[in-house]
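These notes concern the structure reproduced below.
Quick note on labels: first sequence line is chain A, next is B, and so on, each numbered from 1.
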2 protein chains.
Amino acid sequence: MIDRAERKTFILEIAQNLFAKFGLAKTTIDDIAKKARMGKASIYYYFKSKESIFQEVIDKEGRTLQDKILVAVNTEKSPQEKMQAYFITRMVALKDLINYYSALRDEYLDHYSFVTKARQSFDVFETTLISNILQEGIQSGDFKVENAALAAEAILAALKGFEFQWTIEIPAEQIETNINTLLKILFKGIEKRS
Amino acid sequence: MIDRAERKTFILEIAQNLFAKFGLAKTTIDDIAKKARMGKASIYYYFKSKESIFQEVIDKEGRTLQDKILVAVNTEKSPQEKMQAYFITRMVALKDLINYYSALRDEYLDHYSFVTKARQSFDVFETTLISNILQEGIQSGDFKVENAALAAEAILAALKGFEFQWTIEIPAEQIETNINTLLKILFKGIEKRS
DNA sequence: ATTCGACTATTTTAGTTATTTAATCGAAAA
DNA sequence: TTTTCGATTAAATAACTAAAATAGTCGAAT
């Protein structure tokens, strides 16, 4: 029992890579075992099932994403900068967390309850975060929003729309440019100020 | 050759209903023929294939949607009202055009080239329309946007994000309320004006 | 405590056959 | 001549089976 956790992490990282490359279905326990230079049975010494390995990978990537976002947001001071940090970090990070991303999107994973839970949990996380930033901005006098909760939903829906277009097709650098255009509209609106 | 077009329309409407209820795969030519009180072969007298019937249904619904949007937009005077008319008409109308909607979304229809074309064509239509409204607003002094084309893309991506959430889950009436919240953010932004 | 080889039970896949459906054709009706 | 339809063919789909691959177990070895 010296470093069971370490060993689990080791296996998890290998599984993470294989899942990212081949997807859940095409990755076999034998694949994972071979790459870890172990017998298949040894994998089962650490994990209950293939499903549970995938679940841990998803959970891990989810935590990573949330951590990254929170760190990025908390580094900033003004609500505007926080919102910007959130937008950009979310989009750029999601590109790398392929398993998590596919768990959020792929329909054929719907029947895994932990996938549904991960989605909901992340949704709550995002809605709450946006809502908090908005409210902070309202209190500090930076923002003026009637219904912060509904606005948060609207902003999240917009982000998801972009995610769909961009995460796949567009290079990471351009994301930043486009996000900033979006942010300017979000902050200033499109109406001319008199 | 008296009213071949009329007869085609008749069949098309029946097909449209069946496709909407059961989807492309589950609707057979016999189903269409029976409901039209014809022999199956008669259907083929008017249409080349099942695929072509579906294509015409899609095209028809696409035109309907575009017409509705254009009429709604052109009825309005100010760019703000035009944008509002566009948002609401798009969302409400799309709910009823089930076949067109599923053609825009369902992956398993990807391999039909006419589906891909319909998507692209509608995308161009929307981007152009938004861009036009923006530019009109800029000229009239109502709007202030740096890059109208990029802004149009951003707005469309946001709309698509909503579409995904709403078209299925939310009653038509509430769409209007939520759209108006979105519009307010789009017009005014979230920053407090000093 | 950890690893693994050998084993079993499920699940997938590949290949076959039966059934359904799309599409054609020629004759008949209008 | 235009339209309809029954009968037929061709193609696609579904249902089934056998073979292969894979998930998961167990007891012995380290």
How many Å lie between [atom1] on [X] and [atom2] on [N], as a whole number?
| X | N | atom1 | atom2 | result |
| --- | --- | --- | --- | --- |
| B:Lys8 | D:dT2 | NZ | C1' | 16 Å |
| B:Ile53 | C:dT21 | CD1 | P | 15 Å |
| B:Ile43 | D:dG6 | CD1 | C1' | 15 Å |
| B:Phe54 | C:dA22 | CZ | P | 14 Å |
| B:Lys34 | D:dT4 | NZ | C1' | 17 Å |
| B:Leu24 | C:dT21 | CG | P | 14 Å |
| B:Phe22 | C:dT21 | CZ | C1' | 17 Å |
| A:His111 | C:dT11 | NE2 | P | 12 Å |

Original post:
What nucleic acid atoms does A:Thr27 come within less than 4.0 Å of, heavy atoms only: base, sugar-phosphate, or nothing?
Top reply: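 Result for A:Thr27 = sugar-phosphate.
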
**OP:** Look at the side chain of A:Asn147 and the backbone N and O of A:Leu150, then say whether any donor-acceptor pair between them is shorter than 3.5 Å.
**Re:**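 Yes.
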
Original post:
Would the number of heavy atoms belonging to other residues, nucleotides or ligands and lying under 6.0 Å from CD of B:Glu146 be above 12?
Top reply: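 No, not enclosed.
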
With respect to the phosphate group of [N], does any side-chain polar atom (N or O) of [X] fall under 4.0 Å of OP1 or OP2?
| X | N | value |
| --- | --- | --- |
| B:Ser42 | D:dC5 | yes |
| B:Arg7 | D:dT4 | yes |
| A:Tyr45 | C:dT3 | no |

Any side-chain donor-acceptor pair under 3.5 Å between [X] and [Y]?
| X | Y | answer |
| --- | --- | --- |
| B:Thr28 | B:Asp30 | no |
| B:Glu61 | B:Gln16 | yes |
| B:Glu76 | B:Tyr86 | no |

Original post:
Reading nucleotides 23-30 of chain C 5' to 3', which nucleotides get B (base under 4.0 Å from a protein heavy atom), which S (sugar-phosphate only), which -?
Top reply: BBB-----

Subject >> Residue pair A:Thr27 / A:Lys50: nearest heavy atoms and the distance that separates them >> reply: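 For A:Thr27 and A:Lys50, the tightest heavy-atom pair comes out as O-NZ, 2.8 Å.
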
Original post:
Under 6.0 Å between the ring centres of B:Phe122 and B:Tyr100?
Top reply: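 Between B:Phe122 and B:Tyr100, the centre distance is under 6.0 Å.
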
Original post:
Taking for each residue the nucleotide of DNA chain C bearing the nearest heavy atom, is the 5' side occupied by A:Lys26 or by A:Tyr46?
Top reply: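 So the residue in question is A:Tyr46.
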
**OP:** State which of C:dT21, D:dC5, C:dT3 makes the closest approach to the side chain of B:Met38.
**Re:**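 Given the options C:dT21, D:dC5, C:dT3, the side chain of B:Met38 is closest to D:dC5.
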
